[in-house]
Engineer: 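Dumping the structure here so I can ask a few things about it.
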Amino acid sequence: MSANTIQITFPDGSVRSYPAGVTGLDIARSISEGLAREVLAVKVNDEVWDATRPIEQDAQIRLLTWRDPEGKATFWHSSAHLMAEALETLFPGVKFGVGPAIEQGFYYDVDLGGRQLTEADIRALEQKMTELAQRKASYVRKPVAKAEAIAYFKEKGDPYKLELLEDLPDGQITFYTQGNFTDLCRGPHIPHTGFIKAVKLTNIAGAYWRGDEHNPMLTRIYGISFPSQKELDAYLQWLEEAKKRDHRKLGKELELFTFSEQVGMGLPLWLPKGTIIREQLQAFLHEVQVAQGYQFVVTPHIANKKLYVISGHYEKYGESSFQPMKTPQPGEEFMLKPMNCPHHIEIYRSAPRSYRDLPIRIAEFGTVYRYEQSGELHGLTRVRGFTQDDAHLFCRPDQVKEEFEKVIDLVLLVLNTLHFKDFVAQISLRDQHDHSKYIGCEESWQQAEQAIVDAVQEKQLPAVVEYGEAAFYGPKLDFMVRDALGRKWQLGTIQVDYNLPERFQLEYVGADNQKHRPVMIHRAPFGSLERFVALLIEHCAGNFPLWLAPVQAIVLPITDKVLDYARELVAEGKKAGLRITLDERNEKIGKKIRDAETQKIPYMWIVGEKEMQQHHIALRKHMKGDIGNLPVADVINKLNTEIAEKYFEL
RNA sequence: GCCAGCAUAGCUCAGUUGGCCAGAGCAGCUGAUUUGUAAUCAGCUGGUCGGGGGUUCGAAUCCCUCUGCUGGCUCCA
């Protein structure tokens, strides 16, 4: 075999020979012209390359198109460059930060020198991007020496790029040029701008340079692009649909919760209907936890400041939380509790504990208050007063693994019951470079981090590791769920903690009659009731499973000749434990049905003279329509079965 | 907290370049209608246009400021 022939291995395992220097695009063309027209990039031995970059050695490759996540990312990253070119054309002198692809689209951080972008500017940018795209300018990769790169951006006057260059090693720097725009960029990029057929700049936001609030704030322009107008339209339609699921909108429409400026920002007021959902969830969790050996406690909403000085919370959050409240007693200070753990620790300490008693599982639906930054508040997902389905497990070191796994099972039970299928378990570890924000010794942290990693492996959870996301006293396993718009939120959390037992000098007497230190596990399967309900609303679009629905059934009499029968049915339903109401308004049945559908009430009991005579119900299901004419007893039975099963349907 | 945008009746929204007593639909109340699977008809009630200040003969509309909300950034025990 000649020296300038290389072996290319395809994803299906087949191998073909190509001349050295072949590009992904060449390979695609050798398969089919159609494929060549679609190829955006190529994955060469686990690294994504430009489709136009020569491959010099044997390699495993996969051709990437719009259908591949990496293909989309490349497409969007190239779109960011295109936007940068448009920006530079329209607003000469603009300085560039970074412009990556994100999960849905891309952004570029720019310094516009104080200029504020208007709606018209945005439209003009979109138009310019489309115009530039039509030129089908190639994205040209060029390795450059560091000195050359520095010279280029000095000449151009781009301080942010120069700062980025400082951290890059010489010999690994590349420039990409398309049209009249050259950027410092690792790549890869799509072959040319012509692939970008539809562009939408979605919003503008401020963003600190390099994510540091001490740095100047740049203007971040978000956008998304597609290979066809049709796909952009579909995306925009999806956005519209997602907005209808917004828990803030549904919460108002379905009268679940509200906020009052008078009460204070971030302090939710649960309305009667929302409270039913909350209490049903609470009852569910109460039941499964008691079955698993948890003991429920109740503790006050405030505690002496000293408690948080011991726990370390005061040092860490004292300045940025609700401030201590004074009492008539000089020098005495109390704080709203931001956590339940110190209270539970004091319960543990209220009696001597034997190794035989462990694990002790102390649970509470505890309401806590945290002074979240005003800009952070968001509906029910980020609030200043919320209720955790909290518990603290005090166990012997040898019990940590088993207890941790049991908690994982509990979280999974909760997520499964509410049909949260696409969660991700996030292993939140310390910042690898900065241990100063954490309390406790190195050994404790390593033990705790290892315990979590082991447990996740054992349970084979879909997991990602995030450094720097740990709590200050220990690592966490967080269960992340997406909202209607795809934003990730932490729901359940499990934390292994060797530090607070140390700080509070917790003890138990071992089999050896010596004192030992227990290990704590903090855990909350819902996280907070508020956030959980918010995500649940978005997840089911307000169409709650019957066991949670605030109103489970409504009786709709066709005329008021059957009002008495309707009232009788309400009484029967209530007697059977159903949350049932009656629509006795003087309206036509179509109107009553429409209103019940709008209110997303799961079952409508429609009754006229015919039903009255047979003691029947014409049963109608929300979003499904007429189910049929059934005896009352059958209907009640059916509903109660559905409730008992916690049946969930999307 | 930072950047940007928004704020009109309980809800969803109109309100042209600052100019007649600020409008509509839904909801609510009255009345008529007695209805068979997603909106019956008519009448009425309801807003000092988020608060405060300013410019102007005149402000929902322009400016300042405060409050709240929205999207991001930072933060998230």
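Lettering of chains follows the sequences in order, A, B, ..., and the numbering in each one begins at 1.
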Engineer: Quick one: are A:Q104 and A:T202 in side-chain contact, heavy atoms under 4.5 Å?
Structural biologist: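 Heavy-atom side-chain distance check fails, nothing below 4.5 Å.
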Engineer: Please list, by residue number, the residues of residues 591-602 of chain A whose heavy atoms come closer than 4.0 Å to an atom of RNA chain B; answer none if no residue qualifies.
Structural biologist: A:K591, A:I593, A:R594, A:E597
Engineer: Classify the nucleic acid contact of A:Q490 as base, sugar-phosphate or nothing, counting any heavy atom under 4.0 Å across all strands shown.
Structural biologist: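 If one applies the 4.0 Å heavy-atom cut-off, A:Q490 turns out to touch nothing in the nucleic acid.
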Engineer: Report yes if a side-chain nitrogen or oxygen of A:Q116 is closer than 4.0 Å to either non-bridging phosphate oxygen (OP1 or OP2) of B:C3; otherwise report no.
Structural biologist: no
Engineer: Quiz question: by atom type and distance under 3.5 Å, do the side chains of A:D390 and A:H522 form a donor-acceptor pair?
Structural biologist: no
Engineer: Any donor-acceptor pair under 3.5 Å linking the side-chain atoms of A:Q446 with those of A:E442?
Structural biologist: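 Present: a donor and an acceptor within the cut-off.
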Engineer: What is the distance, to the nearest angstrom, from the CG atom on A:D583 to the P atom on B:A39?
Structural biologist: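 Computing the A:D583:CG to B:A39:P distance gives 14 Å.
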Engineer: Name the closest nucleotide to the A:D626 side chain, picking from B:G72, B:U37, B:U34.
Structural biologist: B:U37
Engineer: Distances for protein N/O vs nucleotides 6-16 of chain B N/O pairs under 3.5 angstrom?
Structural biologist:
none

Engineer: Between A:K600 and A:E253, is there a side-chain N and carboxylate O pair less than 4.0 Å apart?
Structural biologist: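 So A:K600 does not pair with A:E253 through a salt bridge.
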Engineer: Going by ring pair (Phe, Tyr, Trp, His ring centres under 6.0 Å), name the residues that satisfy it together with A:Y371, two or more places apart in sequence or in a different chain.
Structural biologist: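 With sequence neighbours excluded, A:Y371 shows a ring pair (Phe, Tyr, Trp, His ring centres under 6.0 Å) to A:F322, given in chain and number order.
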Engineer: Look for any protein N or O under 3.5 Å of an N or O in nucleotides 67-69 of chain B and output each such pair with its distance, or none.
Structural biologist:
unit_1 : atom_1 : unit_2 : atom_2 : d
B:U67  : O2'    : A:E261 : OE2    : 2.7

Engineer: If I take atom CG in residue A:N203 and atom P in nucleotide B:G72, what distance separates them, rounded to the nearest angstrom?
Structural biologist: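 To the nearest whole Å, that distance equals 7 Å.
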Engineer: Applying side-chain hydrogen bond (donor to acceptor under 3.5 Å, both in side chains), can you list everything that pairs with A:S311, at least two apart in sequence or on another chain?
Structural biologist: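 Applying side-chain hydrogen bond (donor to acceptor under 3.5 Å, both in side chains) to A:S311 gives A:H313.
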Engineer: Between B:C44 and B:G25, how far apart are the two P atoms, rounded to whole Å?
Structural biologist: 11 Å
Engineer: Below the 4.0 Å mark, does B:C75 have OP1 or OP2 next to a side-chain nitrogen or oxygen of A:Q373?
Structural biologist: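 For B:C75, neither OP1 nor OP2 has a side-chain N or O of A:Q373 closer than 4.0 Å.
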Engineer: So, is A:R382 near the phosphate of B:C75, with a side-chain N or O under 4.0 Å from OP1 or OP2?
Structural biologist: no
Engineer: Rounded off to whole Å, could you give me the CG-to-P distance for the A:D111 and B:A4 pair?
Structural biologist: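 Distance, rounded to whole Å: 13 Å.
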Engineer: Taking the six-membered ring of A:Y369, is NZ or CZ of A:K337 closer than 6.0 Å to its centre and within 45° of its axis?
Structural biologist: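 So A:K337 doesn't make the cation-pi contact.
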Engineer: Can you tell me, in whole Å, how much space there is between the C1' of B:A60 and that of B:G50?
Structural biologist: 12 Å
Engineer: Does the side chain of A:H378 get closer than 4.0 angstrom to OP1 or OP2 of B:C76 through an N or O atom?
Structural biologist: no
Engineer: Could you list the residues that satisfy side-chain contact (heavy atoms from CB on, under 4.5 Å) with A:K437, not counting sequence neighbours?
Structural biologist: A:K316, A:D431, A:D434
Engineer: Between C1' on B:C76 and CD on A:E530, what's the gap in Å once rounded to a whole number?
Structural biologist: 15 Å
Engineer: Classify the nucleic acid contact of A:K621 as base, sugar-phosphate or nothing, counting any heavy atom under 4.0 Å across all strands shown.
Structural biologist: nothing
Engineer: Find the distance A:K316:NZ to B:C76:P and express it as a whole number of Å.
Structural biologist: 7 Å
Engineer: Give a yes or no on whether a donor-acceptor pair under 3.5 Å exists between the nucleobase atoms of B:A38, that is its base, and the side chain of A:R620.
Structural biologist: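 By the distance-only test, yes, there is a pair.
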Engineer: Of the candidate nucleotides B:U34, B:C76, B:C73, which contains the atom at the shortest distance from the side chain of A:M217?
Structural biologist: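 That would be B:C73.
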Engineer: With a non-hydrogen cut-off below 4.0 angstrom, is A:G608 in contact with a base, only sugar-phosphate, or nothing?
Structural biologist: base
Engineer: Quick test of your reading of the model: are A:K128 and A:D121 salt-bridged, counting only N-O distances below 4.0 Å?
Structural biologist: no
Engineer: Please work out which residues in residues 95-103 of chain A have a non-hydrogen atom less than 4.0 Å from an atom of RNA chain B and list them by number.
Structural biologist: none
Engineer: Identify whether the distance between the nearest side-chain nitrogen and carboxylate oxygen of A:R482 and A:E103 falls below 4.0 Å.
Structural biologist: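 The answer is yes: the pair qualifies as a salt bridge.
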Engineer: Taking side-chain contact (heavy atoms from CB on, under 4.5 Å) as the test, write out the residues that go with A:E213, two or more places apart.
Structural biologist: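 Per chain and number, A:E213 pairs via side-chain contact (heavy atoms from CB on, under 4.5 Å) with A:Y208.
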Engineer: Between A:D595 and A:R585, does any side-chain N to carboxylate O distance fall below 4.0 Å?
Structural biologist: yes
Engineer: Whole angstroms only, please: what is the CZ-C1' distance between A:R384 and B:A77?
Structural biologist: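 It works out to 16 Å between those atoms.
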Engineer: Examine distances only and state if a side-chain atom of A:Q614 and a backbone atom of A:K610 form a donor-acceptor pair shorter than 3.5 Å.
Structural biologist: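 Judged by distance alone, yes, a pair lies under 3.5 Å.
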Engineer: Quick one: are the ring centres of A:Y108 and A:F96 less than 6.0 Å apart?
Structural biologist: yes
Engineer: My understanding is that only residues two or more places apart in sequence, or in another chain, count here; which of them pass side-chain contact (heavy atoms from CB on, under 4.5 Å) with A:R245?
Structural biologist: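 side-chain contact (heavy atoms from CB on, under 4.5 Å) list for A:R245, sorted by chain: A:A484, A:A541.
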Engineer: Classify the side chain of A:E611 versus the base of B:G36 as yes if they form a donor-acceptor pair under 3.5 Å and no if they do not.
Structural biologist: yes
Engineer: Taking atom types as they are modelled, is there a donor-acceptor pair under 3.5 Å from the base of B:G1 to the side chain of A:Y371?
Structural biologist: no
Engineer: Under 4.0 angstrom, heavy atoms only, what part of the nucleic acid is A:G375 near: base, sugar-phosphate, or nothing?
Structural biologist: base
Engineer: Under 4.0 Å between a side-chain N/O of A:Y473 and OP1 or OP2 of B:A77, yes or no?
Structural biologist: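 Checking B:A77 against A:Y473, no side-chain N or O comes under 4.0 Å of OP1 or OP2.
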Engineer: Check side-chain contact (heavy atoms from CB on, under 4.5 Å) between A:P268 and all other residues, then give those that pass, not counting sequence neighbours.
Structural biologist: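 Expected list: A:F259, A:W270, A:L380, A:V383, A:E530.
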Engineer: In terms of side-chain heavy atoms of A:Q495, which of B:G72, B:A77, B:U34 is nearest?
Structural biologist: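 Looking only at side-chain atoms, A:Q495 lies closest to B:A77.
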Engineer: Could you give the distance separating B:A59 and B:C2 at their C1' atoms, to the nearest angstrom?
Structural biologist: 32 Å
Engineer: Are any of the side-chain nitrogens in A:K306 or A:E333 under 4.0 Å away from the carboxylate oxygens of its partner?
Structural biologist: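 Judged by the 4.0 Å cut-off on N to carboxylate O distance, A:K306 and A:E333 do not form a salt bridge.
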Engineer: Under the ring pair (Phe, Tyr, Trp, His ring centres under 6.0 Å) rule, collect the residues that match up with A:Y308, sequence neighbours excluded.
Structural biologist: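 With sequence neighbours excluded, A:Y308 shows a ring pair (Phe, Tyr, Trp, His ring centres under 6.0 Å) to no residue whatsoever.
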Engineer: Taking the nucleotide of RNA chain B with the closest heavy atom to each, which residue, A:A207 or A:G468, is nearer the 5' end?
Structural biologist: A:A207
Engineer: Measure NZ/A:K243 against P/B:G71 and give the value in whole Å, please.
Structural biologist: 10 Å
Engineer: Defining pairs by Watson-Crick or G-U wobble geometry with both distances under 3.5 Å, how would you list the stems of RNA chain B with at least three pairs each?
Structural biologist: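 So the stems come out as B:1-7 with B:67-73, B:10-13 with B:23-26, B:28-32 with B:40-44, B:50-54 with B:62-66.
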Engineer: Less than 4.0 angstrom between a side-chain N/O of A:R487 and OP1 or OP2 of B:G71, yes or no?
Structural biologist: yes
Engineer: Rounded to the Å, how far apart are A:K561 NZ and B:G36 C1'?
Structural biologist: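 Distance, rounded to whole Å: 12 Å.
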Engineer: Under a 3.5 Å distance rule, please check whether A:W605 uses its side chain to pair with a backbone N or O of A:A566 as donor and acceptor.
Structural biologist: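 Looks like no, no N/O pair under 3.5 Å.
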